[in-house]
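Here's the structure we're looking at; comments come further down.
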Amino acid sequence: MKERLNTLNPMQREAVLKTDGALLLLAGAGSGKTRVLTHRIAYLIEQGVRPFNILAITFTNKAAREMKERVFNICEEGNQVLVSTFHSLCVRILRRDIDKIGYTNKFTIYDSDDSERLIKDIMKDYKINDDLLSPKAALNEIGRQKDKLITATTYAQNVDSDFRKKLIADIYIAYEERLKANNSLDFDDLIFKTVQLFVNNPDVLEYYQERFKYIMVDEYQDTSTSQYTLIKLLANKYKNICVVGDDDQSIYGWRGADINNILDFEKDFKDAQVIKLEQNYRSSKTILDTANFVIKNNFGRKEKNLWTENEQGSLINYEKCNSDREEAVFVANEILNKMKDGYSYKDFAILYRNNSLSRILEEQLVFLSIPYKLYGGVNFYGRKEIKDIISYLKVLENPDDEISLKRIINVPKRGIGDATILKASEYALNNNITLFEALSKADEISDLGRKTKSVVDFYSLISDFIKKAGELSIPDLIDYILYKTEYTEELRKEGTDEALGRISNLEEFVSKAVEYEESEEDVSLTKFLEEVSLVADIDSMEDGDNVVTLMTLHSSKGLEFPVVFIVGFEEGIFPTYRALTSGNPTDIEEERRLLYVGITRAKKELYITNAKSRLQHGRYINNATSSFFKEMPQELINIKEKPEKQKISFSTSEETSNKYRPQPSYKPNVSAYLKRDIPAPKNVFLDFQVGDTVKHFKFGQGTVLKIEPAGADYEVTISFDNVGEKKLMANLSKLKKA
DNA sequence: CTCCTTTGTCTTTTT
DNA sequence: GACAAAGGAG
């Protein structure tokens with residue numbers, strides 16, 4: 001043991017040895033905090049603490065898995081330590097005791113998509129115009145309340161005359177009622193209800209206080225009030241709690257993370273010891289200096305001085321490109337260049353502010369046959385076909401779940417449309433039963449007419465599935481559902497590439513179910529659904545693959561790469577338009593921290609790139625350089641700007657260079673978001689003029705009366721021979737000269 | 001009443 | 001360029 005402790009620096013060692021009481025570990029980027037945590041767990045076990053009594057909370061499942069492995073490598077008993085995310089931990093606790101707060105343990109977990117559907121339903125019921133308040137905004141506001149442990153009733157009591165808030169309060173109350181009726185919890189509830197369970201049932205709390213005598217929380221800067229409260233409750237008896245965080249890396253404020261948790265920790269645990277880890281083992285001096293220089297622009301930070309003994313390293317590369325295409329070409333070519341220096345694919349990461357920036361990069365990587373893996377974006381479990389089959393499974397588990405039920409009731413099409421669902425819902429409401437129960441009494445529902453049979457058939461289909469769920473393995477059950485509903489058959493008939501893609505996704509889902517059954521000892525549909533609900537894309541990341549990594553800056557937290565590209569360094573993208581216009585300076589500070597996170601991912605080389613013109617939402621946008629650029633130490637940056645109007649060498653679509661028109665030029669330094677309306681459509685060419693005869697695939701032949709630019713396309717007024725005058729979008733409706 | 005076609009909105013970031 | 005809601009045809 002002693003020998004192992006000698007591999008740690010004095011501060012790290014102190015943190016490992018301080019086993020009892022409260023410890024706040026302020027760990028700068030790359031300062032070896034994971035090392036400290038794993039050694040600390042191992043040390044606890046060697047000191048005689050039972051592994052069973054240790055709880056470690058991480059931010060992702062991936063981090064949990066890795067930490068478990070690393071502890072296990074130091075000491076074998078380490079695999080009995082519970083390493084988990086907040087959400088997984090809470091589900092575990094709730095499955096045992098949620099009946100004490102009025103749910104059953106077959107409860108369903110709603111993802112943000114499910115929650116939004118429920119909000120939409122409610123707003124429809126209440127006839128709330130969504131011009132006033134979008135379902136997303138309402139859901140977001142409600143989520144932030146839950147993060148702060150504010151119930152619907154409390155929220156409603158405290159809204160003053162604010163019309164919008166009153167509206168949200170009404171929705172919040174209804175939302176809670178419906179969730180309960182559906183026996184469902186949203187992500188935020190998982191934490192909130194666990195806290196409620198503990199507060200209302202001291203015996204349950206005490207059970208877990210005894211179980212988790214030693215608690216560690218990683219990424220503490222990203223915990224919300226509810227999460228912190230949960231931890232405080234658990235640690236309240238033995239007070240052996242160690243939290244590890246870095247206020248400069250707090251990037252989830254929008255999700256309810258509260259940076260004050262770091263400041264409050266010392267107040268709540270009066271004898272808390274504070275240890276700072278300030279030596280960075282990851283990055284070159286140049287990279288670290290740049291990061292430090294940038295983050296100094298934030299106010300209200302915990303004072304720290306991150307330093308390194310690493311070599312100076314090469315300058316930061318800043319590349320200003322003319323277009324997004326040019327930027328992608330640059331990044332891909334640069335990766336190939338660097339490969340000649342002995343790097344391999346897995347040494348590179350391309351990071352961006354939002355997922356939509358990944359597409360053009362992917363295209364270019366594919367074009368140059370550079371292997372890569374993209375994380376985030378459309379989550380595998382978020383795809384339509386996967387959500388559909390999961391909804392079937394959820395209904396079997398919990399027929400009260402009306403959101404999943406409504407999702408699949410007419411998928412594939414079986415003649416149960418909105419009107420029928422509405423009648424059944426009304427019947428359910430009037431008789432105080434669930435929608436699913438109402439379906440079983442289809443014959444009693446008035447004016448269902450000939451639709452009664454469709455409903456009866458659907459009900460017996462689901463009943464059969466419920467019966468089969470008890471008999472078949474999960475993969476077999478999925479296959480059975482896909483077969484009986486003719487889901488796969490429908491797709492096969494469709495025959496398009498898209499449909500075939502969906503079929504292979506479904507096949508992959510079945511394989512995942514097989515994998516699940518093989519990897520777990522204690523297999524159940526409940527647990528499978530739980531796992532599926534709580535995985536993030538990043539969790540699938542494996543070290544083995546030698547491929548370039550593409551991900552958002554948010555997802556990159558906690559990772560490191562020899563060479564990092566930060567692309568789209570443009571005002572309006574990074575920092576995001578929302579932060580620039582919110583009027584809240586802390587939003588910009590959070591963007592700056594995100595940049596800090598991005599910079600500190602790099603070990604040896606850092607590239608920052610941007611484009612003067614970028615295709616967004618189907619039109620070209622001209623962005624100024626990110627205002628963060630001038631906050632970087634210019635003497636550490638190698639600035640390169642591509643010459644204007646350089647010939648674009650590569651294009652994926654058929655819009656070849658002769659079709660390419662020069663972009664209109666705008667005044668620099670004006671965020672393109674402020675000039676959204678671009679005068680003339682580009683990349684759309686009409687081979688007809690006013691007076692010509694054109695052909696439409698449906699309306700047939702007609703004469704062009706008028707052509708007007710409209711966004712990225714032209715609006716064409718045509719007098720059709722058969723259907724009269726119509727206004728159509730030229731590109732969209734594929735008009736052709738006759 | 002359902003289904004298909006057309007129109008509108010969207011884009012932060014994720015457990 | 002993607003997808004859901006609205007709108008119109010059968």
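Here is the naming used below: chain letters follow the sequence lines, and residue numbers restart at 1 for every chain. No experiment lies behind these values; they were computed from the predicted model shown.
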Look at the side chain of [X] and decide which nucleotide, out of [options], has an atom nearest to it.
X        : options               : value
A:Lys120 : C:dA5, C:dA2, B:dT11  : C:dA5
A:Phe187 : B:dT13, B:dT15, B:dC1 : B:dT15
A:Ser112 : B:dT13, C:dA5, B:dT15 : B:dT15
A:Lys384 : C:dA4, B:dT15, B:dT13 : C:dA4
A:Thr85  : C:dA4, B:dT15, B:dT14 : B:dT15
A:Lys413 : B:dT14, B:dC1, B:dC4  : B:dC4
A:Arg255 : B:dC1, C:dG1, B:dT15  : B:dT15
A:Ala419 : B:dC1, B:dT15, B:dT14 : B:dC1

- Message: At less than 4.0 Å, is any side-chain N or O atom of A:Ser555 found next to OP1 or OP2 of B:dT14? Yes or no.
- Response: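 Yes, within the criterion.
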- Query: Are A:Thr576 and B:dT11 close enough that a side-chain N or O sits under 4.0 Å from OP1 or OP2?
  - Reply: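 For B:dT11, neither OP1 nor OP2 has a side-chain N or O of A:Thr576 closer than 4.0 Å.
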- Item | Geometric class of the A:Phe574/A:Phe628 ring pair [parallel <30°, tilted 30-60°, perpendicular >60°] | perpendicular
Write down the distance between [atom1] ([X]) and [atom2] ([N]), rounded to a whole number of angstrom.
X        : N      : atom1 : atom2 : result
A:Ile621 : C:dG1  : CD1   : C1'   : 14 Å
A:Asp418 : B:dC1  : CG    : P     : 11 Å
A:Tyr620 : C:dG1  : OH    : C1'   : 13 Å
A:Glu591 : B:dT13 : CD    : C1'   : 8 Å
A:Asn355 : B:dT13 : CG    : P     : 5 Å
A:Asp189 : B:dT15 : CG    : C1'   : 13 Å
A:Asp114 : C:dA4  : CG    : P     : 13 Å
A:Arg383 : C:dA2  : CZ    : P     : 13 Å

Do [X] and [Y] touch side chain to side chain, with heavy atoms closer than 4.5 Å?
X        : Y        : answer
A:Thr58  : A:Glu219 : no
A:His87  : A:Gln227 : yes
A:Tyr487 : A:Ile389 : no

- Query: Any donor and acceptor pair, going by atom type alone, linking the side chain of A:Thr609 with main-chain N or O of A:Glu327 inside 3.5 Å?
  - Reply: no
- Task: Output yes if the stacking criterion (under 5.5 Å between centres, under 30° between planes) is met for A:Phe86 over the base of B:dT15, else no.
- Result: no
- Message: For A:Lys136 and A:Asp188, find the nucleotide of DNA chain B closest to each by heavy atoms; which residue's nucleotide sits nearer the 5' end?
- Response: A:Lys136
- Message: By nearest heavy atom, map A:Ser356 and A:Asn410 onto DNA chain B; which one lands nearer the 5' end?
- Response: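 Final value for this comparison: A:Asn410.
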- Item | DNA chain B base-pair string [pairs: Watson-Crick or G-U under 3.5 Å; |: paired with another strand] | ||||||||||.....
- Specify the residue among A:Lys124 and A:Arg359 whose closest nucleotide of DNA chain C lies further upstream toward the 5′ end. A:Arg359
- A:Tyr375 six-ring face occupied by A:Lys373 cation (under 6.0 Å, within 45°): yes
- Task: Cation-pi check, A:Arg95 to A:Phe107: give yes when NZ or CZ is under 6.0 Å from the six-membered ring centre and within 45° of the ring axis, no otherwise.
- Result: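 Yes, A:Arg95 sits over the ring of A:Phe107.
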- Message: Determine whether A:Glu590 and A:Arg593 satisfy the following criterion, salt bridge (Lys or Arg N to Asp or Glu O under 4.0 Å), listing intermediate values before the conclusion.
- Response: CA-CA 5 Å; A:Glu590 182 153 314; A:Arg593 289 194 293 269; 3.4 Å; yes
- Task: May I ask you to say what A:Asp111 touches in the nucleic acid, namely base, sugar-phosphate or nothing, with a heavy-atom cut-off under 4.0 Å?
- Result: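 Result for A:Asp111 = nothing.
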